[in-house]
Q: 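Here's a structure for you.
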Protein chains: 2
Amino acid sequence: MTDRKKKILAVALELFANDGFSATSTKKIAKEANVSEGLIFRHFENKKGLLNALVQQAIARISVILIPILNEKNPKEVIQKTVELPFNIDKSEYPFWKLQFKLKWENDYESNEKMQPLLDHLAWAFTTLGYPEPEKEATILNHIIESISIGILRDGVHSQESLKTFLIEKYNTPTK
Amino acid sequence: MTDRKKKILAVALELFANDGFSATSTKKIAKEANVSEGLIFRHFENKKGLLNALVQQAIARISVILIPILNEKNPKEVIQKTVELPFNIDKSEYPFWKLQFKLKWENDYESNEKMQPLLDHLAWAFTTLGYPEPEKEATILNHIIESISIGILRDGVHSQESLKTFLIEKYNTPTK
DNA sequence: TATATTAGCAAGTGATTACTCACTCTTATG
DNA sequence: CATAAGAGTGAGTAATCACTTGCTAATATA
């Protein structure tokens, strides 16, 4: 992949995440990437194709991020690492995650299958730890980290920081 | 408020919620509302003004929805009613809530102050029930119902239904 | 009833949109 | 070295965008 093509993808990611897909013109992308507008269409056929390329990148990236959790064999560690997930997002990755969460509201876009392996592994962890309703427990934890992620992306890590140890301790002292 | 003005608001709510603000043209709104395009600008000055009118409606509507919870003096009932909140959303109100959640990603839009009274009342409830960290407990529950709401709006109530009783029971058997 | 104000429409406006086209420059390969 | 294919450009294009204007119809108020 050529440098200019990579630049187009990087700029498009940033603008789509911040301003939205429809609100971002191909002209603006070209300008900010220091590239002729026509080049976008040479590489990606149309505007939607540019978005699709970003989505493909995202699918690959997310599965990489999940690897260390899915390989974890200690159930308590699985839960802890899951809780820590949103707090470990680097600021440089904010546009990436912002776009992911925004795309969830697009009608045609299948979103949550990417996180299904995590959900399954969480259910296994809760089962191993003897929770009476492991699937529901996994779903709730997934909901929590989703909403925390959203909070972090909008207001920064500090806005949610205190929840990290709170949640870790909570899941270390299970209900009777 | 005239019938046509109400119709414009209703159609705009639906289209903004489903397709997004930028992706919805004033021409389409006018067509779907059986109204001339110019009438939109007569009533709301510009497209952004139309959105602002919807936001104003939303602020009023949300505070009405929260009244029964904020007036509840039984802390356990406060928590239960909060958990039930997302499950009681009528299908006719989906566009309303969809738009709310979408707007959270708009950079200039202050979103979460509307829910602050609920957060405060939840913290009071958890304090009364003797939870060691009531504010954090309130924040977590708020996160849970937000994420559940999102799930319901995207995939319907049935996709989250089983979590309702699970959560209610969970909050009735507190940790030691 | 006279008049002023609001509601509503049809037909525009210039600006912006996604996208195309004809062309040149670069690079790899036989 | 010749040639073909891909990278890159700049000036277009028709369509659509948010918005305006000049007008009439309805409604309220005096």
Side-chain angles (χ1 to χ4, degrees), chain A residues 1-58 60 95 98-100 102-103 105-109, chain B residues 1-58 60 95 98-100 102-103 105-109:
Chain A
M1 181 144 50
T2 178
D3 279 357
R4 284 177 138 90
K5 189 172 179 181
K6 277 188 251 178
K7 189 72 194 293
I8 291 171
L9 282 167
V11 169
L13 174 61
E14 191 114 4
L15 291 178
F16 287 168
N18 283 331
D19 306 337
F21 176 75
S22 298
T24 303
S25 68
T26 51
K27 187 177 180 178
K28 191 174 179 187
I29 295 170
K31 195 172 187 176
E32 214 140 310
N34 290 314
V35 145
S36 72
E37 200 179 348
L39 190 60
I40 294 173
F41 297 92
R42 175 147 310 251
H43 282 309
F44 304 101
E45 195 178 340
N46 52 37
K47 194 185 171 187
K48 192 76 192 293
L50 174 54
L51 178 62
N52 287 340
L54 288 172
V55 169
Q56 281 313 111
Q57 279 193 341
K98 264 191 176 179
L99 183 60
Q100 286 311 114
K102 279 196 177 184
L103 285 176
W105 293 105
E106 239 55 44
N107 292 326
D108 53 345
Y109 180 60
Chain B
M1 181 142 53
T2 178
D3 281 356
R4 284 178 139 91
K5 190 172 179 181
K6 278 188 250 179
K7 189 74 194 293
I8 291 171
L9 282 167
V11 168
L13 173 62
E14 191 114 3
L15 292 177
F16 288 168
N18 284 331
D19 306 338
F21 176 74
S22 297
T24 302
S25 68
T26 51
K27 187 178 180 178
K28 192 174 178 187
I29 295 169
K31 194 171 189 177
E32 213 139 312
N34 290 314
V35 144
S36 73
E37 200 180 348
L39 190 60
I40 294 173
F41 297 91
R42 165 124 303 162
H43 282 310
F44 305 100
E45 194 178 342
N46 53 38
K47 195 186 171 186
K48 192 75 193 292
L50 174 55
L51 178 62
N52 287 340
L54 288 171
V55 168
Q56 282 312 113
Q57 279 193 342
K98 263 191 177 180
L99 184 59
Q100 286 311 114
K102 279 196 177 184
L103 284 176
W105 292 105
E106 238 57 43
N107 292 326
D108 53 345
Y109 180 60

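Quick note on labels: first sequence line is chain A, next is B, and so on, each numbered from 1. Only this structure's heavy atoms are used, side chains among them; waters, hydrogens and symmetry mates stay out.
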Q: Could you tell me whether a side-chain N or O of A:Asn107 sits under 3.5 Å from a main-chain N or O of B:Asn18, the two making a donor and an acceptor?
A: yes

Q: Is it true that A:Lys102 and A:Asp19 have a side-chain N and a carboxylate O under 4.0 angstrom from each other?
A: no

Q: Whole angstrom is fine here: how far is it from NZ in B:Lys28 over to C1' in D:dA18?
A: 16 Å

Q: Can you check the A:Asp3 CG to C:dT26 P distance for me, whole Å?
A: 16 Å

Q: Is there a residue in residues 5-18 of chain A whose heavy atoms reach under 4.0 Å of DNA chain C, and which residues are they?
A: none

Q: Using a cutoff of under 3.5 Å, can you pull out all pairs of nitrogen or oxygen atoms linking the protein to nucleotides 14-18 of chain C, with atom names and distances?
A:
unit_1 : atom_1 : unit_2  : atom_2 : d
C:dA18 : OP1    : A:Thr24 : O      : 3.4
C:dA18 : OP1    : A:Lys47 : NZ     : 2.8
C:dA18 : OP2    : A:Thr26 : N      : 3.0
C:dA18 : OP2    : A:Thr26 : OG1    : 3.2

Q: Would you say B:Arg4 reaches C:dC9's phosphate, i.e. side-chain N/O to OP1/OP2 under 4.0 Å?
A: yes

Q: Assess, by modelled atom type and distance only, whether the side chains of B:Asn34 and B:Lys7 contain a donor and an acceptor separated by less than 3.5 Å.
A: no

Q: I want to check one thing: is the phosphate of C:dG8, taken as OP1 and OP2, less than 4.0 Å away from some side-chain N or O of B:His43?
A: yes

Q: Run the side chain to side chain contact (heavy atoms under 4.5 Å, CB included) test on A:Thr26 and A:Leu50 for me, step by step, so that the C-alpha distance in whole Å, both residues' side-chain angles and the decisive distance to 0.1 Å come before the verdict.
A: CA-CA 10 Å; A:Thr26 51; A:Leu50 174 54; 5.8 Å; no

Q: State whether the side chain of A:Lys47 and the backbone N or O of A:Ser25 hold a donor-acceptor pair below 3.5 Å, judged by distance alone.
A: no

Q: Taking atom C1' of C:dC21 as reference, at what distance in whole Å does atom CG of A:Leu39 sit?
A: 15 Å

Q: Check the pair B:Gln57, B:Leu54 against side chain to side chain contact (heavy atoms under 4.5 Å, CB included), reporting the backbone distance first and the verdict last.
A: CA-CA 5 Å; B:Gln57 279 193 342; B:Leu54 288 171; 4.0 Å; yes

Q: Any side-chain heavy-atom pair from B:Leu99 and B:Phe21 closer than 4.5 angstrom?
A: no

Q: Please round to the nearest 0.5 Å and tell me the distance separating atom CD of A:Glu14 and atom NZ of A:Lys98.
A: 9.0 Å

Q: Pick the nucleotide of DNA chain C nearest each of A:Arg42 and B:Ser36; which residue has the one closer to the 5' end?
A: B:Ser36

Q: Taking only side-chain nitrogens and oxygens of B:Thr2, does any of them come within less than 4.0 Å of OP1 or OP2 of C:dG8?
A: yes

Q: Measure the distance from NZ on A:Lys31 to P on D:dT9 and round it to the nearest whole Å.
A: 15 Å

Q: Quick check: do A:Leu103 and A:Leu51 have side-chain heavy atoms less than 4.5 Å from each other?
A: yes

Q: Rounded to whole angstroms, how far apart are CE on A:Met1 and P on D:dG6?
A: 17 Å

